> 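Pasting a structure here, questions to come.
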Amino acid sequence: MNLVLYNTFTRKKEEFKPIRKDHVGLYTCGLTVYNYAHIGNLRTYIFEDVLKRVLIYDGYKVNHVMNITDIGHLTSDADTGEDKMVKEAKKEGKTVWEIADHYTKAFENDLEQLNIIPPDHHVKATAHIQQMIGLIKRLEKKGFTYVADGNVYFDISKFPEYGKLGRINVESLRAGARIEVDSAKKNPFDFVLWFTKSKFDDQEMKWDSPWGRGYPGWHVECSAISMYYLGETFDIHCGGIDHIPVHHTNEIAQSEAATGKKWVNYWLHAEFLIMNEEKMSKSKGGFLTLSKLVEMGYSPMVYRYFCLGAHYRQPLTFSDEAIETAKSAYNRLINIIIDIKKNRTVNKPNPEFVNKMKKLFSKKINNDLNMPEALAVIWQVLRTNEIGNLEKYDLILEFDRIFGLNLIKAEQVLEEEAQQNVDVQLVEQLIKEREDARKSKNWAKSDEIRDKLSDMGVEVRDSSEGTFWRMKS
RNA sequence: GGCGACAUAGCCAAGUGGUAAGGCAGGGGUCUGCAAAAUCCUUAUCCCCGGUUCGAAUCCGGGUGUCGCCUCCA
């Protein structure tokens, strides 16, 4: 099955062809660790995880690199800006290093909870300063830079291809005139590669460089890190859609100017999570984190299921009602799967149907990661009479390699949860008492026990094979 | 001012030329002592107007509306 991906660079779906047979170099922009990731950020990482899982499913060996932006960057590009890390550090009374460390750990915990496969290299920008300096030196040597006001700038006028990814018309800015321009820049689109003149006296993160003691500009880290781990040309680069016009545009400029080669073959961008008709944003405060969502009663897997319900290139609307429906659907999915596991009926084998479903599934996921349709396939499998539970189980297991919803482990998770939250022995005893009461048709007592269990958070499920119970979701 | 995206049932959403996936919620049935769970059935002609076509939610033009980016941002 050929994998087709939508490439932002060409604005078309293209068949994916790796540089090296059976191998994929994948770079995904990480988080700036001055605060917790909100669920909008997390949507992008879920998309990237799905991409990676599809590549692995298709037999590729994936080398995945993600950066950690642990260097402070300006809250605005103008002189008045404040360093985000410094700002947060002051607020919390910690050093910037402590801040970065804290939020990096929190982020990695979020990824783990969302069942996101860890990158092969999840690396800090601050650990790659030398690579960045090396890149800037290359650019300097080739004449792509200039120094003004103590800072090293990239000169976009030397790079005619500038803005191709975002289809930016460099001339059009003049008409706009809405942006305050850094007066040191020759061109408004020029960007800083290295700062030596920090506007802030308390800038703690500084390194020596040929241009003086200072720190790197934001964009240079992704270029330096990706090339260091993946080579000067690699397969796929992902990020949020907001990165197209500035961050990725600048990354391309500096990377390709330095090497003289094409840098990335496929650009994939995730759309935003929309909240109350508006994107969720850090700067506006009051954003939802994963742990907040958990407090509200929605597990990380429910959120993952929610995200899978929409295509990654479409805005997804978040609301209480929307996440609630995802919760119901996910819980029902788990219930059905638990029943399938308990009751391994064997129909006459129907390999034809099984193969048909596998093919259909593969077609959906390889068509630019169409998860909504892939989910439709699993629902179809669960509902069918064409195959028995044994075959269903195998299909679920296979499909979950892509979904990453812990479908098979869910039962185990529920059991663990039960052990944490109730006295299992007591529950078992009550269940038995209720069974006895029911046998003697003592409905009053039976219902009383059921109510009691319900108060304990336990849900009783009678079936022809006996009575089961689980924690209420 | 420039650039871009989107508009499908109560809600979340697929589908991008051949007569509307899936999920949730709602309604009805089966099962059950009653419930719950499960299960079956059931609910739209795709923002408006015009055009192209044998045929359009899907292509083109116009309109209306919503949103994003252009400044740190997934």
Side-chain angles (χ1 to χ4, degrees), chain A residues 11 28-32 34-35 37-48 69 72-78 81-84 163 166-169 171-182 188-189 218 238-247 249 269-274 277-284 305-306 308-311 313-333 335-336 338-339 364 370-380 383 438 441-443 446-447 450-451 454 459-464 468-470 472:
Chain A
R11 312 280 159 111
T28 59
C29 281
L31 194 72
T32 304
Y34 66 98
N35 205 336
H38 58 62
I39 58 173
N41 299 129
L42 264 15
R43 182 186 182 201
T44 296
Y45 300 110
I46 291 172
F47 140 68
E48 288 161 355
T69 302
H73 291 288
L74 313 180
T75 50
S76 93
D77 215 16
E82 237 187 316
D83 182 296
K84 283 194 289 198
R167 313 221 158 156
I168 293 163
N169 177 2
E171 301 300 314
S172 71
L173 189 80
R174 283 180 207 138
R178 219 174 86 176
I179 303 150
E180 258 186 76
V181 176
D182 178 347
F189 285 102
W218 176 39
C238 304
I241 198 161
D242 54 325
H243 279 152
I244 297 170
V246 179
H247 186 47
T249 290
H269 293 95
E271 254 292 353
F272 278 138
L273 181 75
I274 303 296
E277 302 286 298
E278 189 176 276
K279 79 159 182 168
M280 181 172 286
S281 107
K282 280 189 185 179
S283 47
K284 286 178 187 162
Y305 182 92
F306 174 74
L308 261 26
H311 189 91
R313 281 194 289 116
Q314 297 297 334
L316 172 59
T317 313
F318 183 91
S319 66
D320 291 344
E321 195 180 356
I323 189 71
E324 188 64 34
T325 68
K327 181 180 175 179
S328 299
Y330 181 71
N331 284 142
R332 184 159 161 251
L333 199 57
N335 276 342
I336 295 170
I338 289 173
D339 286 344
K364 300 304 186 190
N370 195 326
M371 289 306 117
E373 295 207 329
L375 279 178
V377 175
I378 200 173
W379 284 106
Q380 191 185 337
R383 218 185 311 106
R438 291 182 73 211
K441 296 197 194 301
N442 186 347
W443 309 126
S446 154
D447 290 349
R450 187 167 62 199
D451 288 345
S454 176
E459 180 181 287
V460 176
R461 300 173 54 193
D462 297 324
S463 80
S464 51
F468 300 104
W469 66 275
R470 57 170 277 188
K472 278 194 271 192

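Please read all numbers here as calculations on a predicted model, not as lab measurements. Throughout, a chain's letter reflects where its sequence line sits, starting with A, and its residues are numbered from 1.
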> Could you tell me which non-hydrogen atom of P372(A) sits nearest to which non-hydrogen atom of A310(A), and how far apart they are?
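That would be CG-C, 3.6 Å.
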> Checking salt bridge (charged side-chain N to carboxylate O under 4.0 Å, His left out) for the pair D320(A)/K327(A): CA distance, chi angles, key distance, verdict?
CA-CA 11 Å; D320(A) 291 344; K327(A) 181 180 175 179; over 6 Å; no
> With respect to the side chain of Y45(A), which nucleotide from A74(B), A5(B), C12(B) is positioned closest?
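Selected nucleotide: A74(B).
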> Which nucleotide, in any strand shown, forms a Watson-Crick or G-U wobble pair with U58(B), with both distances under 3.5 Å?
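Across any shown strand, U58(B) pairs with none.
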> Report yes if at least one side-chain N or O of T317(A) is closer than 4.0 Å to OP1 or OP2 of A13(B); otherwise report no.
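The answer is yes; a side-chain N or O of T317(A) sits under 4.0 Å from OP1 or OP2.
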> Is the base of G68(B) touched by the side chain of D242(A) through a donor-acceptor pair closer than 3.5 angstrom?
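Result: no qualifying N/O pair found.
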> Taking only the side-chain heavy atoms of R450(A) (C-beta and beyond), determine which of G68(B), A13(B), A35(B) contains the nearest atom.
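Closest nucleotide to the R450(A) side chain: A35(B).
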> How is E48(A) classified with respect to the nucleic acid when contacts are heavy atoms under 4.0 Å: base, sugar-phosphate, or nothing?
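Here E48(A) touches no strand at all.
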> Measure from the side chain of H38(A), starting at C-beta and using heavy atoms only, and say which of A37(B), A74(B), C12(B) lies closest.
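For H38(A), the side-chain atoms sit closest to A74(B).
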> Which nucleotide wins on minimum distance to the side chain of A310(A), given the candidates C12(B), A14(B), A74(B)?
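For the A310(A) side chain, the nearest candidate turns out to be A14(B).
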> Under 6.0 Å between the ring centres of F306(A) and F318(A)?
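Ring centroids of F306(A) and F318(A) are less than 6.0 Å from each other.
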> In whole Å, measure the gap between the P atoms of A38(B) and C70(B) for me.
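Result for the P pair: 45 Å, nearest Å.
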> Considering Watson-Crick and G-U wobble pairs with both distances under 3.5 Å, what does C69(B) pair with?
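Answer to the pairing question: G2(B), which forms a Watson-Crick or G-U pair with C69(B).
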> When the C1' atoms of C67(B) and A35(B) are compared, how many Å lie between them, rounded to an integer?
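Comparing C1' positions in A35(B) and C67(B) gives a spacing of 45 Å.
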> What is the pairing partner of G33(B), taking Watson-Crick or G-U wobble pairs with both distances under 3.5 Å in any strand?
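Here G33(B) is not engaged in any pair, so there is no nucleotide opposite it.
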> Please list, for nucleotides 18-24 of chain B, all pairs of protein and nucleotide N/O atoms separated by less than 3.5 Å.
| residue | atom | partner | partner atom | Å |
| --- | --- | --- | --- | --- |
| G23(B) | OP1 | R383(A) | NH2 | 3.4 |
| C24(B) | OP1 | R332(A) | NH1 | 2.4 |
| C24(B) | OP2 | R332(A) | NH1 | 3.4 |

> Using a 4.0 Å heavy-atom cut-off across all strands, classify N370(A) as base, sugar-phosphate, or nothing.
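Sugar-phosphate only.
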> According to ring pair (Phe, Tyr, Trp, His ring centres under 6.0 Å), who are the partners of F47(A), at least two apart in sequence or on a separate chain?
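Per chain and number, F47(A) pairs via ring pair (Phe, Tyr, Trp, His ring centres under 6.0 Å) with Y312(A).
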> Roughly how many Å apart are C46(B) and A5(B), using the P atom of each and rounding to a whole number?
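Approximately 23 Å lies between the P atom of A5(B) and that of C46(B).
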> Does U64(B) pair with anything, Watson-Crick or G-U wobble, both distances under 3.5 Å, and if so, with which nucleotide?
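Partner of U64(B): A7(B).
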> Among the candidates C67(B), A36(B), A74(B), find the nucleotide nearest to the side-chain atoms of E459(A).
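That would be A36(B).
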> Heavy atoms from C-beta onward define the side chain here; which of A74(B), C12(B), A38(B) lies closest to that of I336(A)?
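So the nucleotide nearest the side chain must be A38(B).
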> May I ask you to decide if P245(A)'s main-chain N or O and T249(A)'s side chain share a donor-acceptor pair within less than 3.5 Å?
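Between the backbone of P245(A) and the side chain of T249(A) there is a qualifying donor-acceptor contact (under 3.5 Å).
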> So which nucleotide does A44(B) pair with, by the Watson-Crick or G-U wobble rule with both distances under 3.5 Å?
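Partner of A44(B): none.
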> Measure from the side chain of E271(A), starting at C-beta and using heavy atoms only, and say which of C6(B), C69(B), A5(B) lies closest.
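Out of C6(B), C69(B), A5(B), the nucleotide with an atom closest to E271(A)'s side chain is A5(B).
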> Ion pair present between D447(A) and R438(A), side-chain N to carboxylate O less than 4.0 angstrom?
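Salt bridge flag = no for R438(A) with D447(A).
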> With rounding to whole Å, what would you report as the distance between G55(B) and G18(B) at their P atoms?
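Between the two P atoms, the distance is 15 Å.
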> Relative to the 5' end of RNA chain B, which residue comes earlier, H243(A) or P315(A), by the nucleotide with the nearest heavy atom?
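Counting from the 5' end, the first nearest nucleotide belongs to P315(A).
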> Does any donor-acceptor pair link the side chain of N335(A) with the base of A38(B) at a separation under 3.5 Å?
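By the distance-only test, no, there is no pair.
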> Who are the ring pair (Phe, Tyr, Trp, His ring centres under 6.0 Å) partners of Y305(A), not counting sequence neighbours?
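Ring pair (Phe, Tyr, Trp, His ring centres under 6.0 Å) check on Y305(A) returns nothing, list empty.
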> Between T32(A) (side chain) and T69(A) (backbone), is there a donor-acceptor pair under 3.5 Å?
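Absent.
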> With rounding to whole Å, what would you report as the distance between G17(B) and G22(B) at their C1' atoms?
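To the nearest whole Å, 23 Å.
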> Return whichever of V460(A) or W443(A) has its heavy-atom-nearest nucleotide of RNA chain B closer to the 5' end.
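Its nearest nucleotide being more 5', the pick is W443(A).
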> Pick the P atom in U53(B) and in A21(B), then give their distance to the nearest Å.
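It comes out at 28 Å once rounded to the nearest Å.
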> Taking the same atom, C1', in G63(B) and in A25(B), what whole-Å distance lies between them?
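After rounding to an integer number of Å, I get 35 Å for this pair.
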> What's L333(A) touching, base or sugar-phosphate or nothing? Going by heavy atoms closer than 4.0 Å.
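Answer is nothing: L333(A) stays at 4.0 Å or more from every strand.
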> Would you give the length of the straight line joining atom CZ of R43(A) to atom CG of L308(A), rounded to the nearest 0.5 angstrom?
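With rounding to 0.5 Å, CZ (R43(A)) is 10.5 Å from CG (L308(A)).
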> Distance check, C1' atoms only: A56(B) and G27(B), in whole angstrom units.
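Result for the C1' pair: 33 Å, nearest Å.
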